[in-house]
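Below is the structure I would like to discuss, written out as structure tokens.
Start at 1 with the first residue, then count along the sequence. Counting starts at 1 for both ligands and their atoms, in listed order. This structure is a prediction, so every number in the text was calculated from the model and none was measured.
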Amino acid sequence: MSSILIFCKDCGKQVPSSETRDGRCLDCRVRRSVADLREEHARLWRKRERYRSHNANVEQIGQQIARVEDRMGHRIKELVSNDRQATDYLRKELEAARGQRYTIKGV
Ligand SMILES: [Zn+2]
């Protein structure tokens, strides 16, 4: 099956038109779909660090973080039909979400 290559309007990458929706590649669609959850994740993560530095109980926040990560997984699965690919996307998003706190922390 052949398809035309088009430029993703978010990242500018050239992708087969069959992999795009609304002019966006899958990468960008995944990123956009979990953007709010990623912020929520970062917020909870910072909260947990703050609590931890006060020796407070962080177990509940840990559960909230796990729930957000779960929801990210669900949203990605809705966009990515291939299970292995969906897992890869989730891993990447989580790495980004967890890594984000370092840049935010320094501000
Ligand atoms: Zn893109």
TODO: Check whether any side-chain heavy atom of L26 lies under 4.5 Å from a side-chain heavy atom of Q85, and answer yes or no.
DONE: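 Yes. Closest side-chain heavy atoms under 4.5 Å.
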Task: Presence of salt bridge, E95 and R91, under 4.0 angstrom - done: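 A salt bridge is present here (some side-chain N lies under 4.0 Å from a carboxylate O).
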Open item on the list: Within this structure, what is the NZ-CD distance for the pair K47 and Q60, rounded to the nearest 0.5 Å?
Closed with: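 With rounding to 0.5 Å, NZ (K47) is 7.5 Å from CD (Q60).
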- [ ] Provide the full list of side chain to side chain donor-acceptor pair (under 3.5 Å) pairs with a residue in residues 23-36, sequence neighbours left out, each pair given once.
- [x]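 Of all non-adjacent pairs touching residues 23-36, those that pass side chain to side chain donor-acceptor pair (under 3.5 Å) are D10-R24, D10-R32, K13-D27, D27-Y89, D36-R75.
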Task: Metal environment of the Zn ion (ligand 1), protein N/O/S under 2.8 Å - done: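 Checking every protein N, O and S atom gives C8 SG, C11 SG, C25 SG, C28 SG.
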- [ ] Please report the closest heavy-atom contact between R38 and A97, naming both atoms and the distance.
- [x]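 Answer, listing the atom of R38 first, then A97: CG-CB, 3.7 Å.
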TODO: Kindly indicate whether the side chain of R98, heavy atoms from C-beta on, has any atom under 4.5 Å from the side chain of H41.
DONE: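 Yes, their side chains come closer than 4.5 Å.
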